[in-house]
There are 2 protein chains.
Amino acid sequence: MEKQLHIRELINRLARLDAASAWGGDLNPTQRAVLAYLGRANRFSKSPSHVAEYLGTTRGTISQSFKSLLQKGYVSERRSALDKRAISFELTVKGREITQFSGGLEQSISDLNEHQKLALQTTLTEILKVFLKQNNGRTFGVCNTCIHFEADNPGGFCRLLSESLTQDETSLICHEQNNAL
Amino acid sequence: MEKQLHIRELINRLARLDAASAWGGDLNPTQRAVLAYLGRANRFSKSPSHVAEYLGTTRGTISQSFKSLLQKGYVSERRSALDKRAISFELTVKGREITQFSGGLEQSISDLNEHQKLALQTTLTEILKVFLKQNNGRTFGVCNTCIHFEADNPGGFCRLLSESLTQDETSLICHEQNNAL
DNA sequence: TGCAATAGTTTCGACTCGCTACTAGTTGTG
DNA sequence: CACAACTAGTAGCGAGTCGAAACTATTGCA
């Protein structure tokens, strides 16, 4: 009881301090998080709804964020022909550049040894999985660990969406990803 | 390079999801964090400045937060007689009740086994320590792990502030805490 | 005594947050 | 085929956070 409280507080404090140090340029932490997500998401998962679900916020808020990012030239919008309601946002060159930078926590984490990093990632992923299960949230994992994924040289194939994937795409985030039994 | 990125994202996503689930009542996540800090801080560490430094934000913002918390009756203010500039905020009964609740991540963390929890806390603390060192931040650890602490039955004594501490106080957060060599 | 440093507050503009209401496009069912 | 139910995205509201800068009041130092 005592220990969990501190772990939760540690996670929140680390995130707060990281956010505070992520204010540079004309971007705020949330906008930065949107760009980071976009850089790791596959072409089926770049809509406002998906970003909102991933970040645990609402479509309304993300809609505003995209309006601002669009104005500043970090993303470009692409409307779908199949479903005229849907919009997909892509990183522009300027947007992609931003996601390369890595200040804040990044440095502190890289000081850990490999064993610590692996254990940390495993445990945090475990916590996330449990949390998402309790809250009916989706995992947003990468394609090549998904139950619908079929390896196929050089890339892969998604049985759920009946789409073939390039090699690069197999390690991107998908909103439909599922690796549970 | 690849792995750190995910750990940082994991920490941030967990904190975001936790925050999203912490919106209940008439409190927002930041206000909740202020109350949580107040519940664990000692009597020398309950000023706006200390809270701001702990949470990685500014005095201005925290001043607003306290204004709101004061209005809603979660905290009470106490001016110091020695330094007429200083203010200390105390949890009211209503404020203390709130800090008892534990939704969100709490449950997911408690599902881990003891070994995982210990390792997780150790590693996260390590990251925090490195981060704070790089950013000239203070640790905000508890008295009984401080270089100025002197055990003294039943409580303790702080050599820095020349104040004696009750037993309960020895495990509270102090803004002056220092356990580095 | 005088002046720099400190504690806290206020204000500004941009933004996030939950919420509700809204438009427009899409599905399911009779 | 029509019409209701659902879904994607947007707009607007009020409260609050964010950094930053300007402003009191007080204290400490030289």
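Residue numbers start from 1 in every chain, and the chains themselves are labelled A, B, ... in the order their sequence lines are given, proteins ahead of strands. Keep in mind that what you see is a predicted model, and the values were worked out from it rather than measured.
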> Which pairs with one or both residues in residues 52-75 of chain B pass salt bridge (Lys or Arg N to Asp or Glu O under 4.0 Å), sequence neighbours excluded?
Replying inline: B:E53-B:R138
>> On DNA chain D, does the nearest nucleotide to B:Q71 precede the nearest nucleotide to B:T57 from the 5' side, or the other way round? Give the residue.
In response: B:Q71
In residues 154-163 of chain A, what donor-acceptor pairs under 3.5 Å come from side-chain atoms, sequence neighbours left out?
residue: A:R159; atom: NH1; partner: A:E150; partner atom: OE1; Å: 2.5
residue: A:R159; atom: NH2; partner: A:I147; partner atom: O; Å: 3.1
residue: A:E163; atom: OE1; partner: A:R43; partner atom: NH1; Å: 3.4

>> Salt bridge or not between A:K117 and A:E114? Use side-chain N to carboxylate O under 4.0 Å.
In response: yes
>> Suppose the criterion is salt bridge (Lys or Arg N to Asp or Glu O under 4.0 Å): which pairs have a residue in residues 12-27 of chain A, not counting sequence neighbours?
In response: A:D18-B:R8
>> Under 4.5 Å side-chain heavy-atom separation, chaining through any Ile, Leu, Val, Met, Phe, Trp or Tyr, what else clusters with A:W23? Say none if it is isolated.
In response: none
> For residues 108-142 of chain A, which residue pairs qualify under ring-ring contact (aromatic ring centres under 6.0 Å, His included), counting only residues two or more places apart or in two chains?
Replying inline: A:Y54-A:F140
>> Side chains of B:S80 and B:D83 only: does a donor on one sit below 3.5 Å from an acceptor on the other?
In response: no
> Of all of residues 131-138 of chain A, which get a heavy atom below 4.0 angstrom from DNA chain D, listed by number?
Replying inline: none
>> Show every ring-ring contact (aromatic ring centres under 6.0 Å, His included) that has at least one partner inside residues 57-93 of chain A, sequence neighbours left out.
In response: A:F66-A:F89
>> Which residues end up grouped with B:V130 if you chain together Ile, Leu, Val, Met, Phe, Trp and Tyr wherever their side-chain heavy atoms are less than 4.5 Å apart?
In response: none
>> Of all nucleotides in DNA chain D that come within under 4.0 Å of a heavy atom of chain B, which is furthest toward the 5' end and which toward the 3' end?
In response: D:dG16 to D:dT27
>> List the residues meeting salt bridge (Lys or Arg N to Asp or Glu O under 4.0 Å) with A:D152, not counting sequence neighbours, and say none if there are none.
In response: none
>> Regarding B:L82, tell me which of base, sugar-phosphate or nothing describes its non-hydrogen contacts under 4.0 Å with the strands shown.
In response: sugar-phosphate
> How close do B:C174 and B:S45 get, heavy atom to heavy atom, and via which atoms?
Replying inline: CA-OG, 3.3 Å
> Which parts of residues 16-31 of chain B get close to DNA chain C, meaning a heavy atom less than 4.0 angstrom away?
Replying inline: B:R16, B:W23
> Which atoms form the tightest heavy-atom contact between A:I7 and B:Q121, and what is the distance?
Replying inline: CG1-CB, 4.1 Å
> Using a cut-off of 4.0 Å between protein heavy atoms and nucleotide atoms, how would you tag nucleotides 2-14 of chain C 5' to 3' with B, S and -?
Replying inline: ----BSBBBB---
> Are there more than 12 heavy atoms of other residues, nucleotides or ligands under 6.0 Å from atom NZ of B:K84?
Replying inline: no
